[in-house]
Amino acid sequence: MHKIFLLTAVIGLTFAPALRADVLRMPEPDTAATIEKPERGMSQAAVRSRFGEPLKRHAPVGGGSPERPPITRWDYSGYSVFFENSTVIDVVIPGQPAPVHHVDELQGG
């Protein structure tokens, strides 16, 4: 009986790494992530027209060359909008994880 148990334990330890699987858990969207906010590609004029004046505008950063266009940030209640030149490139909700793009590619087989 002890020999069978020992053999089973040795085999189990030998092949245990091959039996492991990683699980990728995606964060659940928070209610803050579902608020209406500007979309990528919108112009500053469209953002201002649809969402009103920002609470705060930050001075542009960069802009010294075409490879480093000016990036501007406008703060609204609950999120910040980032513009490259005058086009929305991102909207950030403080405390939220960055959105995962191409989720369907993560579920490959």
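All residue numbers in this chain count up from 1 along the given sequence. Model, not experiment: these values are computed from the prediction.
Contact check for P70 versus N85: side-chain heavy atoms found under the 4.5 Å cut-off. V47 has its side chain within reach of Y76: a pair of non-hydrogen atoms, C-beta onward, lies under 4.5 Å apart.
Across all non-hydrogen atoms, the minimal contact from L55 to S77 is CD1-N, 3.5 Å. A pairwise comparison of heavy atoms in G78 and P94 identifies O-CD, 3.6 Å as the closest pair. The minimum heavy-atom distance between E36 and Y79, with the atom names listed, is O-CE2, 4.0 Å. Residue K37 comes nearest to F51 through the heavy atom pair C-CZ, 3.4 Å, listed as atom of the first residue, atom of the second, then distance.
No option in H58, K56, R57 other than H58 meets the side-chain hydrogen bond (donor to acceptor under 3.5 Å, both in side chains) test with D75.
With R68 contributing its side chain and G63 its backbone, the two residues share no donor-acceptor pair below 3.5 Å.
F83 and V92 are assigned to two separate hydrophobic clusters, defined by single-linkage of ILVMFWY side chains at heavy-atom distances under 4.5 Å. When hydrophobic clusters are built by joining Ile, Leu, Val, Met, Phe, Trp and Tyr residues whose side-chain heavy atoms come closer than 4.5 Å, directly or via intermediates, I89 is not grouped with V91.
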Inset, instruction - Check step by step if side-chain contact (heavy atoms from CB on, under 4.5 Å) holds for M42 and V81. - result: CA-CA 10 Å; M42 290 179 76; V81 183; over 6 Å; no
Inset, instruction - Dump the intermediate steps for side-chain contact (heavy atoms from CB on, under 4.5 Å) on E53 and W74, then the final yes or no. - result: CA-CA 9 Å; E53 289 295 323; W74 290 2; over 6 Å; no
